[in-house]
Amino acid sequence: MNRLIYLPLGGAGEIGMNAYVYGYGPKGKERLILVDVGVAFPDMDTSPGVDLILPDVSWLHDKLDRLEAIFITHAHEDHIGALAHLWPQLGKKVYARRFTATIGRLKFEEAGLPVDQIVTVEPRPATVDVGPFKVQFVPVSHSIPESSALVIDTPAGRIFHSADFKIDHTPVVGEGWDDARIADIVAERPVKAMTCDSTNVLSTHEGRSESTLAEPLTELIRSRSGMVVATTFGSNVARLKTLAEAARAADRTICVLGRSMKRMIAAAEEAAVLSGFPRTVTPEEALDVPRRNLMILATGSQGERRAASAQLSRGKYLGLEMKEGDTFLFSSKTIPGNERDVLRVWNAFSEMGVQVIDDQNGKYHVSGHANRPDLE
Ligand SMILES: [Zn+2]
């Protein structure tokens with residue numbers, strides 16, 4: 001008697017650390033796939049000295065001969081962050097779309113792991129055949145390029161694994177949400193089970209498109225007389241593009257501060273999901289640009305101490321310095337648990353006479369997740 005199993009190794013019901021096992025076969029002999037290998041970031045107050053929390057893959061240890069493959073839905077750290085840490089224990093082929101695979105290979109390179117174990121997959125109808133599973137990547141809109149839901153076909157029926165998504169028909173970077181694409185999947189074969197992103201299930205208004213931000217951001221940046229520094233998630237390539245284009249429209253030269261952000265832009269360009277990103281200058285070159293014509297994109301939207309934003313809040317960073325009359329913009333949302341770090345940065349800037357502006361209820365930030373009405 002064959003059965004279908006689903007086991008979250010971390011992730012369902014909490015934010016961070018997504019890792020899910022699907023299995024099909026006779027009890028105790030199911031063939032398995034692993035979907036996502038994310039990390040969670042620890043609370044510095046309750047677990048000081050801990051850098052990352054990894055999913056518990058010990059359940060898989062005596063079942064590795066039954067593990068067929070690993071699939072990564074998108075390149076957010078809570079979906080891919082533990083891959084290079086745990087891959088040596090797992091040792092199976094990793095399938096992902098181009099942008100995600102590019103990020104994965106960078107991580108493998110850094111860790112000295114074989115990059116050829118990461119296989120680039122085209123979206124549906126391309127199909128990865130492993131054991132009893134046929135897996136397709138379905139493009140969805142989210143706050144990072146080439147996010148995918150998975151269609152997982154098994155002899156027991158079709159599973160739709162939504163991963164993270166929002167309903168955005170005009171997402172600035174990448175494919176928009178496509179109702180017909182989803183209707184097709186259901187029409188082709190009924191969906192027996194669906195696992196769904198519920199990050200924003202408590203938000204009761206409809207989600208908004210990334211493209212709604214261009215105008216208010218341009219207006220804001222144009223209205224400032226000093227230097228403007230904006231932060232957001234480095235992986236939110238669409239937002240970086242929106243911010244950079246707003247800066248250009250406001251006659252400002254752009255400088256990117258922070259390694260992870262530069263890396264994401266480079267990876268997005270390499271994977272051909274980002275084009276037309278305005279030319280940027282180095283921090284050194286930025287020193288010669290008048291403050292009112294300069295816009296800096298900086299890492300550290302969560303107040304991370306070592307990121308560029310926090311460095312600027314403590315004084316000079318790579319020769320650049322914030323001054324009275326400058327503006328600092330959080331084009332992001334603070335993840336619960338990071339409030340204190342964000343506030344520390346905020347206060348430090350305020351003391352310098354820098355005006356700090358946050359998302360202001362969605363004027364300067366939209367979420368990457370579907371809200372309740374979208375889920376319905
Ligand atoms: Zn995500």
Side-chain angles (χ1 to χ4, degrees), residues 4-6 8 11-12 18 20-24 33 35-36 69 71-76 79 95-101 120-212 236-238 271-273 366-376:
L4 185 62
I5 59 171
Y6 166 68
N18 294 281
Y20 309 92
V21 172
Y22 289 94
Y24 179 79
I33 56 171
V35 175
D36 289 339
F71 295 85
I72 306 291
T73 59
H74 64 290
H76 274 152
H79 292 259
Y95 295 90
R97 290 181 62 203
R98 198 168 32 173
F99 176 76
T100 312
T120 302
V121 185
E122 293 301 315
R124 182 181 141 87
T127 304
V128 183
D129 245 297
V130 288
F133 302 99
K134 292 189 196 320
V135 182
Q136 297 179 324
F137 287 76
V138 182
V140 294
S141 31
H142 184 38
S143 46
I144 190 167
E146 293 192 343
S147 284
S148 301
L150 298 180
V151 167
I152 305 170
D153 279 316
T154 75
R158 169 164 283 190
I159 300 161
F160 187 77
H161 180 98
S162 91
D164 291 353
F165 71 99
K166 67 179 289 191
I167 295 178
D168 190 338
H169 300 273
T170 50
V172 179
V173 166
E175 309 97 333
W177 178 265
D178 185 350
D179 296 317
R181 196 186 287 138
I182 306 300
D184 255 13
I185 291 167
V186 180
E188 196 179 76
R189 193 179 177 196
V191 170
K192 181 191 169 83
M194 175 156 143
T195 51
C196 199
D197 166 27
S198 58
T199 306
N200 283 358
V201 72
L202 299 178
S203 300
T204 51
H205 55 90
E206 245 173 65
R208 286 171 42 236
S209 170
E210 179 69 28
S211 61
T212 61
N236 193 342
V237 173
V273 292
V366 294
S367 172
H369 297 274
N371 290 352
R372 179 165 218 130
D374 305 323
L375 293 171
E376 290 165 0

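Predicted model, so just to flag it, every value in this text is computed and none were measured.
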Salt bridge (Lys or Arg N to Asp or Glu O under 4.0 Å) involving D129 - partner list, sequence neighbours excluded: K134

For R158, salt bridge (Lys or Arg N to Asp or Glu O under 4.0 Å) partners two or more places apart: D153, E188

Closest heavy-atom pair and its distance - P132, P155: O-CD, 3.4 Å

Heavy-atom closest contact (S209 atom, P171 atom, distance): OG-N, 4.5 Å

Side chain K166, main chain S367, donor-acceptor under 3.5 Å: yes

H142 backbone acceptor or donor facing D164 side chain under 3.5 Å: no

E210 side chain vs V172 backbone, donor-acceptor pair below 3.5 Å: no

Exercise: identify the closest heavy-atom pair between V273 and P145: CG2-CB, 3.6 Å

Min side-chain heavy-atom separation V186-F160 under 4.5 Å: no

S162 side, atom OG; L150 side, atom CG - distance, nearest 0.5 Å: 9.5 Å

Heavy-atom check, side chain of N236 versus side chain of S143, under 4.5 Å: yes

Minimum side-chain heavy-atom gap H161-M194 below 4.5 Å: no

Counterpart residues, ring pair (Phe, Tyr, Trp, His ring centres under 6.0 Å), relative to H79 (two or more places apart): H74

Heavy-atom pair with the smallest gap, counting every atom of F137 and P139: O-CD, 3.7 Å

Side-chain heavy atoms of T154 within contact of I159, under 4.5 Å: yes

Any I185 side-chain heavy atom under 4.5 Å of Q136 side chain: no

V21 side chain near Y6 side chain, heavy-atom distance below 4.5 Å: no

Ring pair (Phe, Tyr, Trp, His ring centres under 6.0 Å) involving Y95 - partner list, sequence neighbours excluded: F71

Point-to-point distance, once rounded to the nearest 0.5 Å, from CD1 of I182 to CZ of F165: 8.0 Å

Residues forming a salt bridge (Lys or Arg N to Asp or Glu O under 4.0 Å) with R208, sequence neighbours excluded: none

side-chain contact (heavy atoms from CB on, under 4.5 Å) between D179 and H169, intermediate numbers included: CA-CA 9 Å; D179 296 317; H169 300 273; 3.8 Å; yes

Side-chain donor/acceptor of R97 to backbone N/O of S148, under 3.5 Å: no

Side-chain heavy-atom pair I33, V135 within 4.5 angstrom cut-off: yes

Polar side chain donor-acceptor pair, T195 to Y22, under 3.5 angstrom: yes

Minimum heavy-atom distance between A271 and F99, given as atom pair plus value: CB-CA, 3.7 Å

Salt bridge (Lys or Arg N to Asp or Glu O under 4.0 Å) partners for K192, two or more places apart: none

Nearest non-hydrogen partners of A69 and V130, listed with the distance: CB-CG1, 4.0 Å

Whether T170 side chain and S211 backbone form a donor-acceptor pair below 3.5 Å: no

Under 3.5 Å donor-acceptor, E146 side chain and T100 backbone: no

